Each structure stands twice: as C-alpha cells, then as structure tokens.
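Everything below concerns the one structure shown next.
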Amino acid sequence: MKITLKDGSVKEYAHAMSIIDIAFDISEGLARAACAGEIDGKVEDLRTIVDKDCELNILTLRDEKGLAAYRHTTSHVMAEAVKRLYPQAKLAIGPSIDTGFYYDFEIDSFSREDLDKIEAEMKKIIKEGKELERFTLPRAEAIKFMEEKGEPYKVELIQDLPEDAEISFYSQGEFTDLCAGPHLMSTKNIKAFKLISSSGAYWRGSEKNKMLTRVYGTAFGKKEELEEYLEYLENVKKRDHNKLGREMELFTTVDVIGQGLPLLMPKGAKMIQTMQRWIEDLEENEWGYVRTKTPLMAKSDLYKISGHWDHYKEGMFVMGDEETDKEVFALRPMTCPFQYYVYKASQKSYRDLPIRYGETSTLFRNEESGEMHGLTRVRQFTISEGHLIVRPDQMVEEFKGCLALAKYCLDTLGVSEDVTYRLSKWDPNNKEKYVGSAEVWEETQQNIRDVLNELGIPFYEGEGEAAFYGPKVDIQAKNVYGKEDTMITIQWDAVLAEQFDMYYVDQNGDKVRPYIIHRTSMGCYERTLAWLIEKYEGMFPTWLCPEQVRVLPISEKYQDYAESVRKELAKNGILTTMDNRSEKIGYKIREARLNRIPYMLVVGQKEEEEGLVSVRSRFEGDEGQKQLKDFIAEISEEIRTKAIRKINVQEEK
C-alpha cells in the first residue's frame, strides 16, 4: 500500500500497519511526539490499522487536532483521579474543548482544595505511566458492562446508539471509560496541566435534567506554555465584565430579585441612556425609521398567530392557565407581532412602502438558570428592535441597508473588527421546528447568501441556528473567555405576513403580501455594555463614559473656582464631577485614573487667576494648561464625533 505523507512524499508498505508503527518508521522523534493520526482528513487513534492507500498526517501538539487528543487523554486521567478519591462519583462526559477539557460528574461541588487534591492524584497516575488500550463491545454487552460499573450516564449514552453499533472503550490500568477516542498511547506523555475551576452543568444541557458538577482544566506540552496560559487567564478575569462591571458600579445583582435580572446602577444606566438616545436619533433622523411603543405583554392569542406559542412557549413567562383562566397572558419575548398590528391599523398602498418601524423594546425570556451570566445572558433585556415592511422588489436593498446600519453602529463603537458574520439556516432534518415550506426556506437562504457575497462580507453558515420563521444574518462576537454570543441579528421573513393577514394594495389595486425584515441596529443594550466593558477594560471612549471629566481643586481655597468650572462644563452637556475632599492632589489624580476617568482638570491659583485648567488625560497624561473655553470646545467635538482616542498605555501603567 502507498501512504502519502503531509509533505507529499510517499511511503510503501507490503502489509497493514498501525499509525504509530508508521510514525516510528518515519522517525522515532515523530513517533514520540505523535498524539493522533489523520487518514484522508479523518482524525484517527494512533492504534488504528492502515491497510490501504491513503493520505496520512501524523498529528502532534503543534496541530490543533493533536492537542485535542492530548487534552482528551488528560480529561480521562482527571476522571480516574476523581473515581479514586470519590468512588461514589458517577461519570458523565469529558471532552476536549478549545481551551482545554472538562468532565462532568454526579457528585457534590468541588472546592479549590478538592481540585488541588485531584491534581495531586492525577500526577500520581501520570507518573505510573499506564498504557491506554482500546477495545470494543457489542451494544448489549456495552450496556451490561457499564451497568455493572454503576455508571447510569454512560448506559444512557450507549442506549442512544444504534443496536448494531460497536461501542469503543479505553482503559488505563483499572480505570475504563466509554469513549470514541482518539487518545495518547500512555498517560506518561502528559507533561503540564492545571484544573481551572468547578461549576454546575445540567446533564445534556437541559434544566429538566440533573445538575452535575463540571470540572474545567487545561493541558499543554510544556510547563512554560501552561504558565503563559494561566497568566493570560488571570488577565482575562480582570477584564470579565461580570467582575469589572461590578467593581466600576455599573450594575449589580441581588438574590431576592432573581437570576438574570441585573440592576443597572447610575453609571451603567447613564451609559445605556447614552447609547439608546444615540440609536433612536440615528434611526429616526438618518435612516428613515418611525418609532412605536407597544405593550410588554399580550394574550396567548397573539402568540398563537405568530407561532411563538407552539414553537417558543417554554422560553416565555406565562401568566395564567388555559384550562382554568378566561384569558392567559405572557410577557413578550419579541416585538414583531405588536408592530404588525400598528401596520394593520390602516390600509397601505405600494407607495407607502417601505415602512421602517423602530422601538426600544424591553423583552423577557425564560432562560435556563444555568445559562445566566452577568449582562450577557439575562431574563429581561432591552434591544434596538425594528421591523421593516417592504415590497418584494425592495427586499434586497433594504436588507443591505440593515447590514450597513449595523456596520455603522459597530464602527462607531469601535468593535467592527471583533465580529464574524453567520448565515443562520434552518435544519431540514427537523422541519417540525419551523414554519413555511422547504422551497421558501431554501430561496430565502440563497437570497441572504447572494447579498453577503455581493457586499464582500465574509461569513460562515450555521445549520439549525435560524428562528422558526426565517433565516438570518447573526453578527457574532466572543467574550473574554472565548464564548460566542449573537450581538446583532438581521432576519429575512417571507412567512409571517401571511399568518397575520398583512397586505398592501399594488398599482393594479390587488392585495399583495409584503416581506418583513426583523433586525436590530446595535442589538441588546445590556449585552453590548458587557461587550464594551471587556473590549475597553472599562476605559470607554469619552462619549460613552458616565463620568467624562473630574475637576480637582488643589486645596479648599479653590473650590469655588472648581465649582464654576464644573458648572460651565455641565452647561455644555459634559458629564462632570468635582472631588472636593481634603486630600493631596496626587492622591486625587491617582484615584481618578483608577476610576478610568478620561479627563482630570486640576485647578489652583494660576488657573483661577487666568481662567485656565490644567488638563490630565488617560490618553496623553499631562496635556498642560488650556483656556477653559478651548478645553470645552475640544472635548465637545470629541463627544459629538464619538471619536475613539488612542490610549497612551505607558501612561496608564
């Protein structure tokens, strides 16, 4: 057989060989570094027998897939350590992930001290240097095998497989786990690892199932790489909006109020207000939107027409019982059907379209408790929602306009380079989840694909990510931990106009169904605030800051002048405070910098006598003395243009 290697060279063998034996034949060093193999593009275990012509790539820690196999083996070592220390623990799943690995157990939560004990046991297992061995069993025998071991979650996983499936296992000494692999040849090859944290996770991601304990860890080939990653994690924690936003007093949460119901504190509320006013004025004055204000709840009748009652009821907050109550209400998870009835309130002509409705919409979604996190995953939130009612011939240009508005908002916020675009499609194998015919879905998806290609926007496609009534463009961003969230959505809807009996009268006097675009211009205000906290590490562009200037009198003698400076700034719409405490000026400056204030104005005798202010900024440090009117003109222009000044990092340090 002929084996074509990654570099294009060809090795010939007279008989079948395992991947690891081929690696040894190529180079002993390569074999020692090997983690897995890739045969014709498919990742395989090193024990896999090659018996025909193929392309073979030996994967090492330098390869993403090789590193995944290395980390997967580390997760098995962790599982063995847990079973040694806590025999009552039940095993669930333990995959590798982008940042390392995790394993879920049915057991009480682990403390940091517990994780340290598990780490110590893992080191013993690695030192023992056990070989990993793979074997398979028929499905029935595999079920019995795991039942005898008292592992109900493994039994459930096997029962979900076809009856004729051969089930694979890996053993390392006395420990055996259900697993498809691939894995390293021996535990001794694991060089550097760390258990990061422990948290709760529902079995199979559903809150209807039991809450398990998930342990996250990571592993690298070298100690230096691990230390570098752990240092990176410490920096990430400092930027986590859930930590930093609370420290900056932007928001808080209270147990008696409930999960996913954050309280925006004055500074956070001011930032949301600033963004909201900007978006509302932008949409109305420059993009042709008209504003609506609709109820926060409606009868179940409305959601039955839209299809949300059948497709989304579990995600809604419902008030009442259909069997016992005359009327059942639900808090709205979206605004679209409300705005449709604004449209339907009067007859529309083809000349009236497009109509662009915008609303600052407070929505409610019954998210699973395990999904709650800071401001990114909440149960009540506010979005820059809009619905465009358009003629079919206007659909493409209006869809482009929605993309352009979203891009403008991202550019203004300084985050356009941090996003990816996803064409979110339906899942044709799960048609019961959606409304509309297959033909309509395929046509609308192709229309979006054509628009993105025409505009030169790079995108990827996500099957099963569409809403139940139409495909969409989701603009995605990652938080500091690498988790991806949808920031902005633009959706093509060719279905709901029919369900709501919406029409316009065309030039021939005939009734015609319009198309609808569901979109956000900036998305969810709470999630965007979280994004900006992490993006700027709390050092927001001046126009977004809840405190833009702090006036610092050198001593009590200059407080009157400092107050006059503050009032003049406030009169010009600049968010200003004054620090009139009896503290040294150096202390006041340091505290203002720690509070991430863009500008500090120091005032003393000379400033008072000559109408000056001594300007310090987080951008350039000491900017010298300026006439107050000149400073006001400069900062007003910075705020008006929403400029993003480059921060002098050295000064900040």
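Bear in mind the structure is a predicted one, so any value in this text is a computation, not a measurement.
A donor-acceptor pair is defined here as one N or O able to donate and one able to accept, closer than 3.5 Å; such a pair exists between the side chain of Lys83 and the backbone of Ala89. In this structure a side-chain-to-backbone donor-acceptor pair under 3.5 Å is present from Arg139 to Leu161.
In this structure, a donor-acceptor pair under 3.5 Å is absent between the side chains of Gln172 and Glu131. Between the side chains of Asp485 and Thr376, no donor-acceptor pair of N or O atoms lies under 3.5 Å.
In summary, Asp474 and Lys472 engage in a salt bridge, as defined by a charged side-chain N under 4.0 Å from a carboxylate O. The residues Lys117 and Glu113 are annotated as not salt-bridged, no charged nitrogen and carboxylate oxygen being separated by less than 4.0 angstrom. The existence of a salt bridge linking Asp45 and Arg134 is excluded, since no basic side-chain nitrogen approaches an acidic carboxylate oxygen closer than 4.0 Å. A salt bridge is defined here as a Lys NZ or Arg NE, NH1 or NH2 lying under 4.0 Å from an Asp or Glu carboxylate O, and Asp53 with Lys2 fails to meet this definition. Looking at Glu119 and Lys123, no side-chain N of the basic residue comes within less than 4.0 Å of a carboxylate O on the acidic one, giving no salt bridge. Salt-bridge check for Arg204 with Glu156: passed, with a basic side-chain N closer than 4.0 Å to an acidic carboxylate O. For Glu367 and Arg365, the salt-bridge test fails: no basic side-chain N is under 4.0 Å from an acidic carboxylate O. Under the 4.0 Å criterion applied to side-chain N and carboxylate O atoms, Arg84 and Glu174 are assigned as salt-bridge partners.
The aromatic rings of Tyr469 and His518 sit tilted relative to each other, their planes meeting at an angle between 30° and 60°. Relative orientation of the His183 and Tyr170 rings is perpendicular, given thresholds of 30° and 60° on the angle between their planes.
Heavy atoms of other residues, nucleotides or ligands lying less than 6.0 angstrom from CG of Asp98 number 12 at most. Heavy-atom neighbours of Gln88 CD from other residues, nucleotides or ligands within 6.0 Å: above the threshold of 12. Around CG of Asp108, the count of heavy atoms belonging to other residues, nucleotides or ligands within 6.0 Å does not exceed 12.
Under the 6.0 Å cut-off for aromatic ring centres, Phe364 and Phe317 do not qualify, their centroids lying 6.0 Å or more apart.
In this structure, Arg71 is positioned above the aromatic face of Phe220, its NZ or CZ under 6.0 Å from the six-membered ring centre and within 45° of the axis.
Under the ring pair (Phe, Tyr, Trp, His ring centres under 6.0 Å) test applied with Phe110, the options Tyr103, Tyr86, Tyr216 reduce to a single match, Tyr86.
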